[in-house]
A.B. asks: 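Sharing a structure, written as structure tokens. Questions coming.
Below, chains carry the letters A, B, ... as their sequence lines are ordered, and counting in each starts from 1.
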Amino acid sequence: MEHIRQKIDIANKGIEIAYTVVNTSDWMLPLSQHPSIVEHPELFEISEDVIPDNAQYLNYI
Amino acid sequence: MRKLILFLLVFVSAKVSAQVYQEMPQYGYRANRMVFDSTLQIPTVCGVPTLKSVVKTNKSGAIAYDSCNAKFYVYNPKTLTWSEVSGGGGGSIDTTSLSNRINLKLNISDTATMLNPYLRKIDTTNKFVNRITRTLGNDSIIYFVGANRFAIKDSVGTNPAPVGYYGAFQDTTTQTALVTNTAYGVKLGVTDLTNGVTVANNSKIKIANAGIYNIQFSLQLEKTGGSGNMIADIWIRKNNVNLAGTNGKIVLTGSANASPIVAAWNYVVAVSSNDSLELMWATDNLNVKIISDVATSPHPSTPSAILTVTQQSGIMAGTGISPLDTANMLSPYLRKIDTLSLSNRINLKLNISDTSTMLSKYLRKTDTATLSNRINLKLNISDTATMLNPYLRKIDTATLSNRINLKLNIADTSTLQPKSISSYTILANNTSATANVTAQAFRDTSGVYNGTITWTGTTAPSGATNHTYRITQIGKCVTINISLVYATNSVATTKLVATLPSGAPTPAQPTGLTSASQNIYVANAQLISSANATQNLIHRTTLRNNAGNNGFEFLIDTNSGTVAQVNITCQYWTN
């Protein structure tokens, strides 16, 4: 499912790292217009990867 | 008178004028045998011409045409000869093609060169070779086998395909038995094919060459009268002796003259040179006959018997070698001499039969009775079983086995220790009086935190994580500690919600605190930017019913800050 995630440090890939999904359940517009993407594209990105079971969530403000 | 005549002649001659020349007519002049007009037509002759008048030497030539042979002749007045005129330059008839054709022909001088390779340049008279070398695939050779026999090896095989000896015979007479159950040779009066296999005495098959032969026969049996079943036996004899196991029985049934049977099978027989084979038959009823019949359209005649002999192995015909040859061939290698001395030498040897006499004097013929008696006193091995039998313990093993079965195995000892305490329990007295112990809940467990974490802020803490929990339950009191450790700080975090891990006992909801989002137990939380940070954000927070009132969560509100580690401790009760 397409979602916004907090960018992952590539150096940490392969170990148990935090996978943070931005909570967009109340966002009706395209994800590309979400404030997290608009304001901090260097920190967030849109992904179609499968969300892992141990993902944590972020209410972006 | 004579004078008068002479006078008249003189007078007349004086009166005659000389011949006056006249020009030739416009289109030619004809003389005897010649015409002068648009062409010169000359006299024709048949064969070599001859002059009709004498031509003086060196005076006149002549020409003539031999119309019989189409030849032109000219006469040479100097030599007084006729010569045929031929050729003459400018001839255009076929001389070029004729020349070319001639060029294609052999010159005699060429034949010497051509024949040279085939000339035997040495004297081969009375010359012989002992061995011919054959180039496989190119040469076929004829070679000496022995005696006066020769054989051929072709260019591709070792020998021409050998053809076995064979014979094909039949008989056109109806054959009857004169006496029941008496052997008769099957007659074979007609020889169709023969090569090393012949018939003698009308029924005996003579085989000249040793080998394995296939004997195939068919007999036209018929019941010619009487009633009931009748039997014919058929077998073969070799050199006038029945061959064991060769008989076959044919039962003739049905009406007379209406149920012919063809008895046919084959034998494969090993024979020596000049052995004889004979197909025999016998019957229990003289009405059984081997019948023949004449040809009736559409079929040809019916022989009473047909028998063929074909060689299966042995020295085949056509190989150039016969058994007789092999004797001649092997003869030079036989040791025919010295057998006398050999025999003499053998005569000097001992015969086995002599040893008895020779050894007799060395035999101990006495005292065997005593020896036998002494031996009789010894034990036989077979006696030991009887002797030992009284000492064998043959009884009570069943009882012994049963007794053993009642004993403990070492492996059973582990099950002897009672495991009467249920999992996650302790024994205690949870009453106000003296009582027996009862099982109370007890649990101390830990693991990777598996609840759901929701941050509020600009970014959540990130990077490598180390999330754990530990739960200790004594009775209905539960103490839980959750540690969430990250490698990278969050940004502007203002809230954290972390659900109870799935292994945690379900909190008991105090009366009046059963609705969604109601706080049910107090908890402490510490939010810090790193494990060694001096800045601590310690909050007294709460364990509450979640918004859906279908679970429990810790809610931590804080001032905006950076967080890389969270420690939550809470004590609550369960039902």
Side-chain angles (χ1 to χ4, degrees), chain A, chain B residues 447-469 482-503 517 525 527 529-531 546-548 551 553-566 568:
Chain A
M1 184 185 74
E2 188 178 52
H3 60 279
I4 298 173
R5 70 184 180 190
Q6 194 169 316
K7 287 186 176 179
I8 301 169
D9 184 358
I10 295 177
N12 290 324
K13 283 189 175 179
I15 60 175
E16 189 66 29
I17 59 173
Y19 190 98
T20 304
V21 178
V22 175
N23 187 354
T24 57
S25 57
D26 296 330
W27 185 255
M28 297 296 123
L29 297 177
L31 294 180
S32 59
Q33 298 178 22
H34 191 271
S36 61
I37 295 294
V38 174
E39 297 169 2
H40 293 287
E42 78 283 4
L43 299 177
F44 299 96
E45 61 188 355
I46 297 173
S47 170
E48 292 186 348
D49 290 350
V50 176
I51 298 174
D53 292 338
N54 61 350
Q56 61 182 4
Y57 294 86
L58 173 67
N59 295 317
Y60 178 81
I61 56 175
Chain B
V448 175
Y449 173 77
N450 56 12
T452 300
I453 303 168
T454 303
W455 298 88
T456 299
T458 301
T459 63
S462 58
T465 61
N466 196 354
H467 294 177
T468 59
Y469 75 94
I482 298 172
S483 295
L484 307 177
V485 181
Y486 296 85
T488 304
N489 278 316
S490 64
V491 176
T493 296
T494 59
K495 183 188 289 185
L496 167 63
V497 176
T499 63
L500 270 181
S502 60
S517 301
L527 306 180
S529 58
S530 68
N546 66 10
E553 61 189 13
F554 294 101
L555 172 61
I556 305 162
D557 281 311
T558 183
N559 295 328
S560 179
T562 59
V563 177
Q565 180 179 344
V566 178
I568 303 172

A.B. asks: Which atoms of B:Thr494 come close to chain A, meaning under 4.5 Å heavy atom to heavy atom: side chain ones, backbone ones, both, or neither?
C.D. replies: side chain
A.B. asks: As an exercise, state the distance from OG1 of B:Thr458 to OH of A:Tyr60, rounded to the nearest 0.5 Å.
C.D. replies: 5.5 Å
A.B. asks: Check whether A:Gln6 reaches the backbone of B:Ser462 with its side chain - one donor and one acceptor, N or O, closer than 3.5 Å.
C.D. replies: no
A.B. asks: Within the supplied structure, the quantity of interest is the number of heavy atoms (other residues, nucleotides, ligands) at a distance under 6.0 Å from A:Asp49 CG; does it exceed 12?
C.D. replies: yes
A.B. asks: Please look at B:Thr459 and chain A and tell me whether the side chain, the backbone, both or neither of the residue comes under 4.5 angstrom of a heavy atom of that chain.
C.D. replies: both
A.B. asks: Does A:Glu42 have more than 12 heavy atoms from other residues, nucleotides or ligands lying within 6.0 Å of its CD?
C.D. replies: yes
A.B. asks: Using a heavy-atom cutoff of under 4.5 Å, enumerate the residues of residues 18-28 of chain A that contact chain B, numbered in order, or state 'none'.
C.D. replies: A:Ala18, A:Thr20
A.B. asks: Could you tell me the separation between the OG1 atom of B:Thr493 and the CD1 atom of A:Ile61, rounded to the nearest 0.5 Å?
C.D. replies: 8.5 Å
A.B. asks: Is A:Leu58 close to chain B through its backbone or its side chain, or both, or neither, when contacts mean heavy atoms under 4.5 Å?
C.D. replies: both
A.B. asks: Taking all atoms of both residues into account, what is the closest heavy-atom pair of A:Ile17 and B:Thr465, and its distance?
C.D. replies: C-CG2, 3.9 Å
